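Before any comments, here is the structure.
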Amino acid sequence: MSEALERVDIRLPSDAKRLLMQAAEVSGNTLTALVLNAALDKARDILQTHQHFVLGDEEWRDFVATLENPPEPTEALREAWRDAAP
């Protein structure tokens, strides 16, 4: 079963398009494949940066300690929780 395809339209300067087309040709890709692969690689990098973090030993111990013994919620947190409730 194949995934449904969707269209994305972009506007770009003609010199940028020429550069992309030249790179696609040299690499043996279509313009679509070149742009899609580059965009997906960048999207994965951005998401990994925002979803993955590395901690040193002391930072890890502090992180785990906070998870195991969370501080009491502040009034601002309680208010935010109330505002978010359906």
Side-chain angles (χ1 to χ4, degrees):
M1 181 184 304
S2 65
E3 189 174 344
L5 298 177
E6 295 190 27
R7 182 183 262 317
V8 173
D9 296 310
I10 61 170
R11 296 181 62 82
L12 66 160
S14 57
D15 59 334
K17 184 176 179 184
R18 278 194 301 276
L19 180 66
L20 291 170
M21 290 176 70
Q22 184 179 9
E25 184 177 331
V26 167
S27 66
N29 284 306
T30 64
L31 179 60
T32 297
L34 177 83
V35 172
L36 178 60
N37 288 330
L40 288 173
D41 287 345
K42 185 64 176 179
R44 287 184 193 102
D45 288 347
I46 291 168
L47 292 175
Q48 182 175 8
T49 300
H50 287 82
Q51 296 173 343
H52 180 80
F53 58 94
V54 177
L55 301 175
D57 291 341
E58 186 176 342
E59 294 166 319
W60 177 252
R61 284 190 294 273
D62 291 345
F63 177 73
V64 171
T66 302
L67 289 176
E68 291 174 349
N69 302 298
E72 289 295 318
T74 63
E75 184 54 39
L77 182 59
R78 286 187 191 98
E79 186 175 323
W81 182 258
R82 284 190 298 267
D83 291 345

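Source: prediction; values computed, not measured. Throughout, numbering of the chain's residues begins at 1 and tracks the sequence.
- A distance of 11.0 Å separates CG in Asp62 from CG in Asp57, rounded to the nearest 0.5 Å.
- Here salt bridge (charged side-chain N to carboxylate O under 4.0 Å, His left out) pairs that include residues 20-47, with residues two or more places apart or in two chains, are Asp41-Arg44.
- Residues His50 and Ile46 share a closest heavy-atom pair of ND1-O, 2.8 Å.
- Taken together through direct or relayed side-chain contacts under 4.5 Å among Ile, Leu, Val, Met, Phe, Trp and Tyr, Leu47 and Val8 form parts of separate hydrophobic clusters.
- No continuous path of ILVMFWY side-chain contacts below 4.5 Å connects Ile10 to Leu19, so the two sit in separate hydrophobic clusters.
- Counting all heavy atoms, side chain and backbone alike, Leu31 lies closest to Lys17 at CD2-CE, 4.3 Å.
- Here the shortest heavy-atom pairing between Leu34 and Leu20 reads CD2-O, 3.3 Å.
- Among pairs with a residue in residues 26-36, those fulfilling side chain to side chain donor-acceptor pair (under 3.5 Å) read Ser27-Asn29, at least two apart in sequence or across chains.
- Note on residues 66-86: pairs passing side chain to side chain donor-acceptor pair (under 3.5 Å), not counting sequence neighbours, are Glu75-Arg82.
- Here the CZ-CG distance, from Arg18 to Leu12, works out to 10.5 Å after rounding to the nearest 0.5 Å.
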